[in-house]
Trainee: 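One structure is given below, represented as structure tokens, and several questions about it will come after.
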Amino acid sequence: MARILQGKIALVAGATRGAGRGIATELGAAGATVYVTGRTTRDRRSEYNRPETIEETADLVNRAGGQGIAVRVDHLDPTQVQALVARIESEQGRLDILVNDIWGAEFLAEWNVPVWQHSLEKGLRMLRLAIDTHIITSHFALPLLIKNPGGLVVEITDGTAEYNDKNYRLSLFYDLAKTSVIRMAWALAQELQPHQCTAVALTPGWLRSEIMLEHFGVSEVNWQDATAKEPHFVISETPSYIGRAVACLAQDPDVARWNGQSLSSGQLAQVYGFTDLDGSQPDAWRYIREVADVGKPADATGYR
């Protein structure tokens, strides 16, 4: 897949860390020019107050073989998003791949708290960050993307449609946020199809993001030590895994077969043959259904 996306222009909205960073890096490894956006730069942090920056992500894209361009954008601000798209059009004249990975709400959810007890301010802020940002970005970016057939939109969420339809995600606000993104991808697919473009929803499995590794007090090098605290973490995956899923979708000449569908990194690994960094193919959502949710002991045999 090396360099197969050379000449393609991608926007990864929400690429400061986690899945967005992994996606941007893998698109770069495939040769793409990648605009990476977020609110945390070397000079200014977002409300997360975390150290990861969009400049670091752009550097990773460059080192992987692509061209990374960091642009600070608050995707809740239509003026900033409009200016971003205008810049892409001015500098590149096209947009081939839009990844809506904006989130920014890890610290807003109150798990297993009913809506009448959950902070209304935090809940509504979560919905704005998870839903409004994606809509605003698509509103301004899609007129550029549909100028050329073959464009791809990837809506990043948590959970497949099948799983989320049957399982409460432990908070009304979180449940609504992640399910709404899946429906958003389906709606975009209907609007993009006449322009020969494709939209999908895509979820990672249990992601070894910077925040998750920090939560368990481990690093990527010794991540398996976290299984002492949470045995089912054995099924976890790196951000590169979903990144490779997006890169495979972006270079698939028959990507329209997925239009409107809810997909997972583990599912696409079985189709395209890519692996995680350790050579495994974790299938987290099947594992969660068949092992974790039914109370079986943690054992990833046959699931990665």
Trainee: Please answer: with hydrophobic residues joined when any side-chain heavy atoms are less than 4.5 Å apart, are V61 and I156 in the same cluster?
Mentor: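 They do share one cluster, since a chain of ILVMFWY contacts under 4.5 Å joins V61 to I156.
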Trainee: Please indicate whether R44 has more than 12 foreign heavy atoms, meaning atoms of other residues, nucleotides or ligands, lying under 6.0 Å from its CZ.
Mentor: no
Trainee: Rounded to the nearest 0.5 Å, what's the gap from CD on E47 to OG1 on T40? Could you check?
Mentor: 9.0 Å
Trainee: For a 4.5 angstrom cut-off between non-hydrogen side-chain atoms, does L277 reach R244?
Mentor: yes
Trainee: Can a side-chain donor-acceptor contact be found between T160 and S262 if the only test is distance below 3.5 angstrom?
Mentor: no
Trainee: Is R208 salt-bridged to D278, cutoff N-O under 4.0 Å?
Mentor: no
Trainee: Does one side chain, of S265 or E237, offer a donor that lies under 3.5 Å from an acceptor on the other?
Mentor: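 The answer is yes; a qualifying pair exists.
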Trainee: Please work out whether the ring planes of F216 and F233 are parallel, tilted or perpendicular, with thresholds of 30° and 60°.
Mentor: tilted
Trainee: Check the pair L142 / H195 against side-chain contact (heavy atoms from CB on, under 4.5 Å), numbers first and verdict last.
Mentor: CA-CA 11 Å; L142 293 187; H195 301 278; over 6 Å; no
Trainee: Would you say CD of Q117 has more than 12 non-hydrogen atoms from neighbouring residues, nucleotides or ligands within 6.0 angstrom?
Mentor: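 Atom CD in Q117 is crowded, with more than 12 foreign heavy atoms closer than 6.0 Å.
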Trainee: Using 30° and 60° as the class limits, which term best fits the ring planes of Y287 and H232: parallel, tilted or perpendicular?
Mentor: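 Taking H232 first and then Y287, their aromatic rings stand perpendicular (interplane angle over 60°).
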Trainee: Check the surroundings of atom CD in Q196: do more than 12 heavy atoms from other residues, nucleotides or ligands lie under 6.0 Å from it?
Mentor: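 12 or below, so no.
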Trainee: Can you label the angle between the Y241 ring and the F274 ring as parallel, tilted or perpendicular, going by 30° and 60°?
Mentor: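 Ring orientation of Y241 relative to F274: perpendicular.
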Trainee: Using 30° and 60° as the class limits, which term best fits the ring planes of W111 and Y174: parallel, tilted or perpendicular?
Mentor: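 W111 vs Y174 ring planes: perpendicular.
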Trainee: List the atom of L5, the atom of A247, and the distance in Å for their closest heavy-atom pair.
Mentor: CD1-O, 4.3 Å
Trainee: Walk me through whether E56 and R21 qualify under side-chain contact (heavy atoms from CB on, under 4.5 Å).
Mentor: CA-CA 9 Å; E56 289 174 350; R21 175 171 282 190; 3.0 Å; yes
Trainee: Regarding R72 and D43, does a basic nitrogen lie under 4.0 Å from an acidic carboxylate oxygen?
Mentor: no
